[in-house]
Amino acid sequence: MQPTPTSPSCSGWLGSAIRRIEADYQRSADTHLIPLPLPALTAAGIDLYLKDESTHPTGSLKHRLARSLFLYALCNGWVREGTTIVEASSGSTAVSEAYFARLLGLPFIAVMPRSTSPEKVAQIAFYGASCHFVDHAAQVYEEARALAERTGGHYMDQFTYAERATDWRGNNNIAESMFQQMARERHPIPAWIVVGAGTGGTSATIGRYLRYRCHDTQVCVPDPEGSVFSAYHRTGDATLTAVGSRIEGIGRPRVEPSFIRTLVDRMIEVPNLDSVAAMHALSALLGRKVGPSTGTNFIGMLAVAEEMRAAGRQGSILSLLCDSGERYLPSYHDAAWVKNAFGDIGPAQQRVDALVAG
């Protein structure tokens with residue numbers, strides 16, 4: 001629900017809210033860019049890097065999105081003092097939005113499937129938010145919209161506004177930060193940036209920034225099994241649907257408004273077991289646990305790196321460490337859970353280990 005517009009006053013609650021968010025940002029350091037040396041690739045002149053988004057206060061890449069969505073809604077006059085914030089999310093976006101809602105003293109309700117893990121519900125509730133459950137994942141959109149209407153609140157709608165809430169020209173967005181951190185590396189202008197898509201906002205921001213700065217860098221989106229984005233990228237048919245992704249945080253059952261296919265140069269379809277196997281392999285390489293969407297990203301990095309090596313091309317490849325694997329200890333990092341959910345991981349682990357070894 002969007003309230004009737006009034007003249008803003010930066011001396012009132014609006015100004016206070018924006019200053020609180022900006023102060024929170026000022027207290028935050030930029031996230032690290034971690035080199036990932038794989039001997040066979042390094043010898044071939046190919047360097048891999050991961051931007052570690054797990055170090056944000058709420059532990060994931062979605063912290064950037066939540067900040068942008070709140071500022072966007074505030075500056076559009078959609079959120080006022082006391083406004084209830086509603087979001088369709090059972091994952092990291094809900095955790096991050098709950099953080100900012102608490103920062104501003106606003107009620108927050110996350111609409112999510114009843115099957116959401118107790119761990120995720122607890123993370124969202126930690127910030128004082130409420131969880132509203134639906135029977136099926138496809139119901140979250142309309143229920144969130146209806147709940148915002150019933151409460152007189154605002155449906156944040158990450159899937160629509162993710163690509164437009166972020167300043168893609170710069171202002172220390174994730175793309176600008178990547179290029180600043182790469183300035184003194186062997187190959188400062190990456191050949192590829194590899195990012196999974198949930199809303200599509202990150203790939204849109206990076207793709208626009210590359211064109212704006214005229215960088216000779218391509219965007220690859222590795223898409224998990226069951227997601228609709230690959231088929232949409234291939235066909236351009238926005239009416240397509242799919243069963244949905246089982247890799248938390250990325251992939252969607254429907255084409256989301258924030259996924260801009262013209263900003264993506266390449267899609268790679270990634271089987272679930274490959275994502276989980278790559279998550280384990282990368283965790284071993286880094287000496288710390290990463291989440292499953294980072295595993296999907298790692299598969300994309302290895303795929304384009306192998307193509308570059310086969311073609312005799314040198315260069316750098318960047319991707320994201322989306323969140324910490326500690327969030328997934330009872331699920332993707334539990335061998336029994338993985339076997340029950342996806343089957344035997346052995347063959348996928350052998351494939352990934354072979355790619356890593358080169």
Side-chain angles (χ1 to χ4, degrees), residues 58-62 65-66 69 84-99 101 107-151 153-162 196-201 223-229 240-259 272 275-276 279 291-293 295-296 322-323 325-334 336-338 340-342:
T58 54
S60 82
L61 167 67
K62 298 300 185 181
L65 172 60
L69 287 170
T84 296
I85 307 300
V86 182
E87 184 60 282
S89 171
S90 61
S92 295
T93 301
V95 175
S96 297
E97 287 190 16
Y99 170 93
F108 179 77
I109 305 172
V111 179
M112 62 184 66
R114 219 172 288 279
S115 59
T116 300
S117 71
E119 292 80 15
K120 272 294 169 67
V121 172
Q123 287 176 342
I124 294 164
F126 173 79
Y127 292 109
S130 301
C131 297
H132 180 90
F133 298 99
V134 296
D135 292 327
H136 304 290
Q139 297 173 324
V140 295
Y141 308 96
E142 289 307 317
E143 183 60 23
R145 188 173 286 106
L147 187 59
E149 289 283 349
R150 292 198 298 272
T151 61
H154 174 66
Y155 173 30
M156 198 66 86
D157 195 0
Q158 58 166 324
F159 298 107
T160 295
Y161 296 110
T199 62
D223 202 33
E225 179 181 335
S227 172
V228 75
F229 288 141
L240 291 173
T241 59
V243 295
S245 166
R246 297 179 65 193
I247 300 301
E248 191 166 317
I250 56 173
R252 299 298 301 166
R254 72 173 197 180
V255 177
E256 303 295 352
S258 284
F259 182 79
N272 290 328
S275 290
V276 179
M279 175 195 77
S293 61
T296 309
C322 304
D323 59 4
E326 305 303 316
R327 291 184 169 186
Y328 308 99
L329 293 179
S331 52
Y332 298 90
H333 278 284
D334 181 82
W337 185 94
V338 169
N340 183 61
F342 300 121

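In this text the structure is predicted, and so the values were computed from the model without any measurement.
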Approximate separation, where rounding is to 0.5 Å, of [X] [atom1] and [Y] [atom2]:
{"X": "Ser293", "Y": "Tyr328", "atom1": "OG", "atom2": "OH", "value": "5.5 Å"}
{"X": "Phe133", "Y": "Thr116", "atom1": "CZ", "atom2": "OG1", "value": "6.5 Å"}
{"X": "Arg114", "Y": "Ser90", "atom1": "CZ", "atom2": "OG", "value": "13.5 Å"}
{"X": "Asp157", "Y": "Glu87", "atom1": "CG", "atom2": "CD", "value": "6.5 Å"}
{"X": "Ile85", "Y": "His154", "atom1": "CD1", "atom2": "NE2", "value": "6.0 Å"}

How close do [X] and [Y] get, heavy atom to heavy atom, and via which atoms?
{"X": "Val338", "Y": "Ser331", "answer": "CG2-O, 3.9 Å"}
{"X": "Val86", "Y": "Ala144", "answer": "CG1-O, 3.5 Å"}
{"X": "Ser60", "Y": "Arg327", "answer": "CB-NH1, 3.9 Å"}
{"X": "Gln158", "Y": "Ser258", "answer": "O-OG, 3.9 Å"}
{"X": "Ala162", "Y": "Thr199", "answer": "CB-OG1, 3.3 Å"}
{"X": "Phe159", "Y": "Ala88", "answer": "CE1-O, 3.6 Å"}

Any side-chain heavy atom of [X] within less than 4.5 Å of one from [Y]?
{"X": "Ile247", "Y": "Asn272", "value": "yes"}
{"X": "Tyr161", "Y": "Tyr155", "value": "no"}
{"X": "Ile250", "Y": "Phe229", "value": "no"}
{"X": "Met156", "Y": "Phe108", "value": "no"}

Check: Ser227 side chain, Arg252 main-chain N or O, donor-acceptor pair, under 3.5 Å: yes
Arg246 side-chain N/O to Ala341 backbone N/O, donor-acceptor pair under 3.5 Å: yes
Quiz question: by atom type and distance under 3.5 Å, do the side chains of Thr58 and Ser96 form a donor-acceptor pair? yes
Pairs in or reaching into residues 122-134: which pass side chain to side chain donor-acceptor pair (under 3.5 Å), with residues at least two apart or in two chains? His132-Glu143
Checking side chain to side chain contact (heavy atoms under 4.5 Å, CB included) for the pair Trp337/Phe342: CA distance, chi angles, key distance, verdict? CA-CA 8 Å; Trp337 185 94; Phe342 300 121; 3.8 Å; yes
